[in-house]
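Presented below is the structure to which this report refers.
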There are 2 protein chains.
Amino acid sequence: MFEFFRKYLEDKISIAEADYQLIESVCIFKKLRKHQFLLNEGDVCTHSGFVCKGFLRKYSVDDKGIEHTVYFATENWWISDRQSLMNCTPSSYNIDAIEDAVVLLISKSNIEMLSEKIPAFKDMVNLILQRSLNATQERINYALRSTAEERYSQFLKSFPSLVHRAPRHMVASYLGITPETLSRIRKQISSK
Amino acid sequence: MFEFFRKYLEDKISIAEADYQLIESVCIFKKLRKHQFLLNEGDVCTHSGFVCKGFLRKYSVDDKGIEHTVYFATENWWISDRQSLMNCTPSSYNIDAIEDAVVLLISKSNIEMLSEKIPAFKDMVNLILQRSLNATQERINYALRSTAEERYSQFLKSFPSLVHRAPRHMVASYLGITPETLSRIRKQISSK
DNA sequence: CATTTCTCTTGATATTTATCAAGAATTTTC
DNA sequence: GAAAATTCTTGATAAATATCAAGAGAAATG
């Protein structure tokens, strides 16, 4: 399974063979069956996850028991609760598998170790951080200025491959609308 | 004006006197009168801004000409369009002064230079990045799960000092509601 | 300090989206 | 492959929020 991550790294940074071995030595692989949890609300997130295979989501649950999807992650995406990881505080999110998955885990301290020993690794982590921030701010901008239909169209454009893999009600919860509303929006779009 | 930034830095990192001088040597100070722009939509953002004094906002304008506030920045906050800065692409945002302001500017290349020469500076930049990402993801989570009233209450709690400095219609646009709706929400809350 | 401009509030009405309910379609499980 | 569970759609109605319009209040400007 490490070869997935190795390919990802090769694509982003240029490091020595010994560095790959160091990285591999701290990687933990976790298989998740559909519906299994990688993180439970209330637990402290201790590892960053890199998705080798499968499809996961991160969501919070409100007082009424309604789930709100804040993030999807598929092959070559990272997933964790950075806030919990950073501050060692209980997470307010759940992460579970939408499809059977294999996730590569690296502990917080090992990420710090790798960042220290391999400068290019640190730079990569920071680049990912910047991209995440850009994407997240774009999402806020869209949420503020677009109607539900526009947000759905944008989602289709941004993540064409996710649309078919994610159950509709999860897409709805990602967009901040109910499944019924999404259903009506889809009907409206298809009739155009 | 540099002393504001120096205090900020002293609070976050521990570096040599020579480093402060290096940092100061690349700082540009810009005075902005109320309503003046730091960044115009369509322009490439070339500098990161640190607010020494005053109050600014970052917003986009939709097809109908309605403004959508994505960010406020007051003393000791950073402001820029990271996406435009990172990729040298035209910005889709405007940044202007809500109050007369003094902003300390550092160019992209000088931030890179400082990051290279002063490791603690780089670490600080990355820490800020992480915090921004956490805050931004929290905002999305709130947008998804809360009513307009809850979002306003949360805004009051998170930024008590901003509420009195920002015109209400800008707060409304930050929350993704109309000024009229905010006015009604405030009435409702005060009657409790 | 009067006037102009901007900001905020309130009311009436329209639109969007949510909620509740039921049945159809699909997927999972044994 | 049949039964059970889940997911998706549709309709009727309710609730939240937007829009339009007008006037009150506050702040900026000459």
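Quick note: numbers below take in every heavy atom, side chains included, and nothing from hydrogens, waters or symmetry partners. Everything numeric here is computed off the predicted structure, so don't read it as measured data. Residue numbers begin at 1 in each chain, while the letters A, B, ... track the order of the sequences.
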Tell me if the CZ atom of A:Arg6 is crowded by more than 12 foreign heavy atoms within 6.0 Å.
yes

Salt bridge (Lys or Arg N to Asp or Glu O under 4.0 Å) involving B:Glu75 - partner list, sequence neighbours excluded:
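Applying salt bridge (Lys or Arg N to Asp or Glu O under 4.0 Å) to B:Glu75 gives B:Arg165.
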
Mind telling me whether B:Phe29 and B:Phe2 have parallel, tilted or perpendicular rings, with 30° and 60° as the class edges?
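B:Phe2 vs B:Phe29 ring planes: perpendicular.
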
Which word best sums up how the rings of B:Phe159 and B:Tyr174 line up, parallel for under 30°, tilted for 30 to 60°, or perpendicular for over 60°?
perpendicular

A:Ser60 vs B:Arg145, side-chain hydrogen bond (donor to acceptor under 3.5 Å, both in side chains): CA-CA, chis, key distance, verdict:
CA-CA 8 Å; A:Ser60 70; B:Arg145 57 190 285 161; 2.9 Å; yes

Would you say the side chains of [X] and [Y] form a donor-acceptor pair under 3.5 Å?
| X | Y | value |
| --- | --- | --- |
| A:Thr136 | B:Thr136 | no |
| B:Ser173 | B:Thr69 | yes |
| A:Gln154 | A:Ser158 | yes |
| B:Tyr8 | B:Trp78 | yes |
| B:His68 | A:Asn141 | no |

Whole angstrom value for the distance that separates C1' of D:dT19 from CD1 of B:Ile66:
10 Å

Give me the bend of the helix from C:dC1-D:dG30 to C:dC30-D:dG1, using the axes of the five pairs at each end, rounded to 10°.
60°

All side chain to side chain contact (heavy atoms under 4.5 Å, CB included) counterparts of A:Gln83, not counting sequence neighbours:
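Testing A:Gln83 for side chain to side chain contact (heavy atoms under 4.5 Å, CB included), a comparison that skips the adjacent residues, returns A:Asp81, A:Asn87, B:Asn134, B:Glu138.
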
Please list, by residue number, the residues of residues 164-184 of chain A whose heavy atoms come closer than 4.0 Å to an atom of DNA chain D; answer none if no residue qualifies.
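Close to the strand are A:Pro167, A:Arg168, A:His169, A:Glu180, A:Ser183, A:Arg184.
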
Please determine whether a side-chain nitrogen of the Lys or Arg among A:Glu149 and A:Lys187 lies less than 4.0 Å from a carboxylate oxygen of the Asp or Glu.
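Salt bridge: no.
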
Range on DNA chain C touched by chain A - first to last nucleotide, heavy-atom distance under 4.0 Å
C:dT17 to C:dT28

Atom pairs under 3.5 Å, N or O on each side, protein against nucleotides 24-30 of chain D: can you list them with distances?
from   : atom 1 : to      : atom 2 : distance (Å)
D:dA28 : OP1    : B:Lys34 : NZ     : 3.3

